[in-house]
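Single-structure report; data block below.
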Amino acid sequence: MEYNPREIESKWQSYWKNNATYRVSLDLNKPKFYVLDMFPYPSGAGLHVGHPLGYIASDIYARYKKLSGFNVLHPMGYDSFGLPAEQYAIQTGQHPAITTQQNIARYREQLDKLGFNYDWSREVRTSSPEYYAWTQWIFRQLFNHWYNPVTDKAEPIDQLIAQFETEGFAEEQRASLHGGIEANLEPFTAEEWKAFNEKTQREILMNFRLAYLGESYVNWCPALGTVLANDEVINGFSERGGHPVERKLLKQWNLRITAYAQRLLDGLDTLDWFDSIKETQRNWIGRSEGASVHFPLENGQGSIEVFTTRPDTLFGVSFVTLAPEHDLVHTLTTLDQKSAVEAYVNSSKNRSERERMADVNTVSGVFTGAYVLHPFTQEKIPVWIGDYVLVGYGTGAVMAVPAHDERDFKFAKFFSLPILPVISPNQEHDFEEGAWGTKEGTLINSGFLNGLAVKEALSNMLDAIEREGKGLRKVNFRLRDAVFGRQRYWGEPIPVYYKDEVPYLIDEPSLPLTLPEVESYLPTEDGDPPLGRAKQWKHQGLYDYEQSTMPGWAGSSWYFIRYLDPQYPKGLASKEAIDYWGNVDLYMGGAEHATGHLLYARFWCKFLRDLGLVPFDEPFKKMINQGMILGRSSFVYRIVGTTTFVSKELKDNYTTNPIHVDISLVDNDRLDLEGFKAWRAEFQDAEFILGANGEYVCGVEIEKMSKSKYNVQTPDELVERFGADTLRMYEMFLGPVEQSKPWDTKGITGVHGFLKKYWKLFHKEGTFEVTTTEPAKEHWKILHKTIKKIRDDLDRFSFNTGVSTFMICVNELLEARCNHREILEPLTVLLAPYAPHITEEIWEKLGHASGSLCDATYPTFDPEFLVESAYDYPISFNGKMRFILNLPLDYGIDEVQKAVLEHKDSVKWLEGNIPKKIIVVPGKIVNVVL
RNA sequence: GCGGAUGUGGUGAAAUUGGUAGACACGCUAGACUUAGGAUCUAGUGCCGUGAGGUGUGCGGGUUCGAGUCCCUCCAUCCGCACCA
């Protein structure tokens, strides 16, 4: 019987489905293991070979854990809200729910063909109302909680209200707040609080809520009619569609992720993730330590607060710069400067992010006419405006020290402002040429800091600032609060309605607040989001609902919890399920979510932890990021002005144009000539100038997979031709799973050949035949060597070397003509995670008529079988290996040395010299030093 | 500019703790069986050299009996961030 993957695979796929082989349930007698794939967005294009790479790796690992006695949770679902379905709806009028449903069906079909061990009874879809009811529920909690900096956790807003009613809001409490809470919030007494009307009270509380309505600059994309997150904007263009993006001040729902900045940073140290991702998150959170310092206005009307990481250079301040959007710009500008300032502020407002980014080197700014006083010297310091200062970072104002900061230097040079060195560099430096930005040197011109090294000056100055009430030590984060509203249709409705323009939450029993039907998915004529078209959609028939929907990352920020108990009607998941399954032990997915999904999910997890809803602080303990699979495009070379195509090696003899050719017409870079002519009408009369062997050789380039480049490889055709087991093993064989690599089917025959050889081990002249006789020592050795290596490779996620190990094992067993059941049966279990179909078939043929191989036990390694009495020592002379010498392993160092020197080949390499030293590492190597 | 990663045959790669560099596979070369199968089997295949041998892990140094692996300098490529005070 021939190995027939198509027959075997459909047989076992139905078996697994009919017997619910992969369904798992809570089992307190077994240790749990949670393996999770980042769930896909079901796009219309279906899966290409890049998608399953991570799924295959996690599937192998999940099966390995299962066979090792763990109760393994391995679920799958769909991140099914998103812009593409909405765009499609705008073009065609088809409801996004229908498109999404169709795409999911296609994904499911493709996934099923690859033989994954997902427990599909646990499927979640972020767009289903049963699921997003709980996404909305979490929003309610965020709205109803604030971050208490004293206890360092989220607490019910009712507790804060109770405190306001008894104690009011004191200045000291205001000072201790952090995490984006408005700095200009005025203190009030309990009596004052009680006297406020409801609207005022709610406005004050909005400053504390973790989900809050706030005015902020957003990335507005006019073409898409929506706001985009920073990570959805690439160089001033939308990630999707490539439309221009501009800055716009908008009232938006925000999540106060900044309250969790420190915890998000600290948590990274506990995670088993790649350093690159952790480092990216650290940079994104961007913690910097320094001080906020007040510069009193010359006219006595308040002060400008700046943030600096270099308070040691305070005596070198020659001006203060405000961001154009800074609140004080209008009040402090003098009459003479008014028109110049207004012109500048307006021009920078109209300058999009894109333009500002494009010319980083252009200096622009304007003098306000106002002055502040230096906090220590009382000298007059001019106040300027410059758009190199960002309103969203620090206080939106900087103290400019041109001698020691490159940007301040450029600004000072451009406007001929004074440059005052306050650090004497420890090497040659010209202060006319540039800033001395490093923290090395000795303080000069700096009053009480003179003579100190920078480090000492820093701490002295910080002490002085606090002691003299000029400011405070402060930690600043680059991280901004996350905008939580999108002007789109296909997302979770935000469970809020408005009464007198004040937002109120929908009651918990009324959730989910489902999406209304609309006749078009475009923004309204008035510029309202698509939900504005649902005129009858009102709370209790009276009050307008919020018209924004949640961003794409809302549903994906907690889906890993829903899988634990996906149908639970009374909460995110039952307590028993959460306590048993806990957080994710292995998370598999792309590295592109480093600053999006992975940060938001960690934030929500910490919040839910604060509420006591989950017992863990981090959602994903270990993560592996699979590399991207790139396309391998093929080219033909058309001689200009003809329909003649020339083989690659001859193309330089002609003037040619390269043309992308569909990779299905190319095998090992050789073009299928007839197929090419039939491919497109314009090529039907094509003629070819062939190269050696009468073949047409195509050119090759590595590019992203894309329809227009004809280089998309879907898994379907490969599964059809070679089977899922071959594709699974081949994707693993390509290289380390975390590495990006071009897709290339060249090697797939090698892996397919391996499975055929494995099949051949059990068959003699077409019939299944294994012997129950006792295997030879050599056979046991091959098996246990393989068990050890396979387990080691799985434990370090080295799937590519695992495949090689199986190849070596099967080659050796064929060579040794081994068909002993005692060897081949454990080998079958060992291989099962990689190739689940063929091994099930063999398992059945081996006589396990009932039950699945999935219930077997993974073979364990017994070192007994590998014990050797002798070893092939590589003998080196001066570090160069010269010959192999087989010696007993119980030889002592002296005996080894003696044996080496007595060997006939040693005479040649000694060249009559007496060795200076002979290094013997028992069981490893011998090195003779001459 | 900052941060992270990578650099090994014609190709994908392996070498887990400093110990035989190139396992495994593709491709290629030669052969066997056959005559259309995208099959199977055998042998060879880093480079130079007929050979003995020499040489070889981006470049240049260093540590070591011994370096792909550790240290220093430089180069190249990829990814992320980027006026962050």
Side-chain angles (χ1 to χ4, degrees), chain A residues 2 230-231 274-284 286-288 290 306-310 313 321 323 356-357 359-363 386-390 392-401 405-408 410-411 476-479 591-592 594-595 627-628 667-669 700 721-722 730 733-736 738-754 756-757 760 789 792-793 795-796 798 800-808 811 872-884 908 915-921 923-930:
Chain A
E2 287 278 294
N230 277 334
D231 38 310
F274 293 161
D275 286 341
S276 56
I277 301 270
K278 293 208 262 186
E279 205 53 37
T280 301
Q281 289 212 348
R282 280 191 195 104
N283 292 341
W284 194 260
R287 184 184 201 271
S288 51
V306 305
F307 174 72
T308 178
T309 55
R310 294 295 305 274
T313 63
T321 316
R356 277 175 73 161
M357 254 190 262
D359 54 14
V360 175
N361 291 320
T362 310
V363 177
D387 70 2
Y388 78 95
V389 180
L390 307 173
Y393 183 78
T395 60
V398 302
M399 56 173 231
V401 184
D405 180 279
E406 204 54 51
R407 292 148 310 167
D408 296 343
K410 274 189 195 156
F411 197 87
N476 227 313
F477 294 96
R478 199 191 75 107
L479 185 72
E592 67 274 17
T595 55
M628 210 196 326
D667 196 18
N668 280 334
D669 298 339
V700 163
R721 211 164 112 186
F722 298 104
Y730 181 56
F733 189 60
L734 278 175
E738 68 275 9
Q739 215 166 79
S740 280
K741 52 221 150 194
W743 178 255
D744 193 340
T745 50
K746 265 201 298 201
I748 199 166
T749 52
V751 176
H752 190 57
F754 155 75
K756 284 201 253 186
K757 285 185 195 170
K760 202 167 137 185
K789 181 80 165 86
D792 286 354
D793 285 347
D795 288 336
R796 64 193 177 103
S798 179
N800 55 328
T801 53
V803 177
S804 312
T805 305
F806 282 120
M807 289 173 166
I808 293 167
N811 287 346
D872 279 337
Y873 276 95
I875 312 299
S876 314
F877 289 77
N878 280 342
K880 286 197 201 314
M881 209 283 284
R882 295 306 184 181
F883 59 89
I884 298 282
K908 178 164 100 191
K916 288 204 186 88
K917 207 189 311 185
I918 303 177
I919 312 273
V920 177
V921 185
K924 275 256 166 81
I925 197 171
V926 177
N927 190 19
V928 182
V929 186
L930 296 176

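Letters go in sequence order (proteins before strands), and every chain restarts at 1.
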Response to the item:
Across all chains, not counting sequence neighbours, the ring pair (Phe, Tyr, Trp, His ring centres under 6.0 Å) partners of A:Y873 are A:Y871

Practice prompt. State which residues pass ring pair (Phe, Tyr, Trp, His ring centres under 6.0 Å) with A:F754; sequence neighbours excluded, sorted by chain then number.
Written response: none

Does [N] have a Watson-Crick or wobble mate here (both distances under 3.5 Å), and if so which one?
| N | value |
| --- | --- |
| B:A52 | none |
| B:U42 | B:A30 |
| B:G68 | none |
| B:G12 | B:C24 |
| B:G7 | B:C75 |
| B:C2 | B:G80 |

Nearest to side-chain heavy atoms of [X], which nucleotide of [options]:
| X | options | answer |
| --- | --- | --- |
| A:K880 | B:U55, B:C24, B:C65 | B:U55 |
| A:W284 | B:A25, B:C81, B:C41 | B:C81 |
| A:V929 | B:C65, B:A82, B:A85 | B:C65 |

Looking only at atom [atom1], what distance separates [N] and [M], rounded to whole Å?
| N | M | atom1 | result |
| --- | --- | --- | --- |
| B:A13 | B:A25 | C1' | 9 Å |
| B:C83 | B:U64 | P | 47 Å |
| B:G27 | B:U34 | C1' | 24 Å |
| B:U63 | B:U69 | C1' | 14 Å |
| B:C72 | B:C81 | P | 28 Å |
| B:C33 | B:U42 | P | 15 Å |
| B:A14 | B:G3 | P | 28 Å |
| B:C59 | B:G9 | P | 10 Å |

Practice prompt. State, yes or no, whether a side-chain contact exists between A:M399 and A:T313 at a heavy-atom distance under 4.5 Å.
Written response: yes

Worksheet item: Less than 4.5 Å apart, any side-chain heavy atom of A:S876 and any of A:N878?
Response: no

Atom-pair distance ([atom1] on [X]; [atom2] on [N]), nearest Å:
| X | N | atom1 | atom2 | value |
| --- | --- | --- | --- | --- |
| A:D405 | B:C84 | CG | P | 7 Å |
| A:F754 | B:A23 | CZ | P | 18 Å |
| A:I925 | B:A21 | CD1 | P | 8 Å |
| A:Y730 | B:C24 | OH | P | 18 Å |
| A:M881 | B:G68 | CE | P | 14 Å |
| A:R882 | B:C65 | CZ | P | 19 Å |
| A:R282 | B:A5 | CZ | P | 11 Å |
| A:N476 | B:A85 | CG | P | 8 Å |

Discussion item. Does a side-chain N or O of A:K917 approach OP1 or OP2 of B:G66 to a distance below 4.0 Å, or not?
Written reply: no

Worksheet entry | Phosphate OP1/OP2 of B:A85 contacted by A:S288 side-chain N/O (<4.0 Å) | yes

Practice prompt. Mind checking the CD-CG spacing from A:Q739 to A:L734? Nearest 0.5 Å is all I need.
Written response: 10.5 Å

Fill in: Separation of A:H752 NE2 from A:R721 CZ (nearest 0.5 Å)
9.5 Å

Mind checking if [X] touches a base, just sugar-phosphate, or nothing, with heavy atoms under 4.0 Å?
| X | value |
| --- | --- |
| A:K756 | sugar-phosphate |
| A:V398 | base |
| A:I919 | base |

Worksheet entry | Geometric class of the A:F411/A:Y388 ring pair [parallel <30°, tilted 30-60°, perpendicular >60°] | tilted

Practice prompt. Assign the ring pair A:Y393 / A:F307 to parallel, tilted or perpendicular, where the plane angle (0 to 90°) is split at 30° and 60°.
Written response: perpendicular

Item to complete: Between A:E279 and A:F477, name the one whose nearest nucleotide on RNA chain B is closer to the 5' end.
Response: A:E279

Discussion item. Quick check: on RNA chain B, is the nucleotide nearest A:I884 upstream (toward 5') of the one nearest A:V803, or the reverse? Name the residue that is more 5'.
Written reply: A:I884

Worksheet item: What form does the base of B:G60 take, syn (within 90° of 0) or anti?
Response: anti

Worksheet entry | Annotated protein contacts, base or backbone, on nucleotides 10-15 of chain B with a non-hydrogen cut-off under 4.0 Å, one of B, S, - each | --BSSS

Practice prompt. Quick one: closest heavy-atom pair of A:A400 and A:D408, and the distance?
Written response: CA-OD2, 3.3 Å

Worksheet entry | Nearest non-hydrogen partners of A:K789 and A:T805, listed with the distance | CG-OG1, 3.2 Å

Worksheet item: Would you say the base of B:C81 and the side-chain of A:N283 have a donor-acceptor pair closer than 3.5 Å?
Response: no

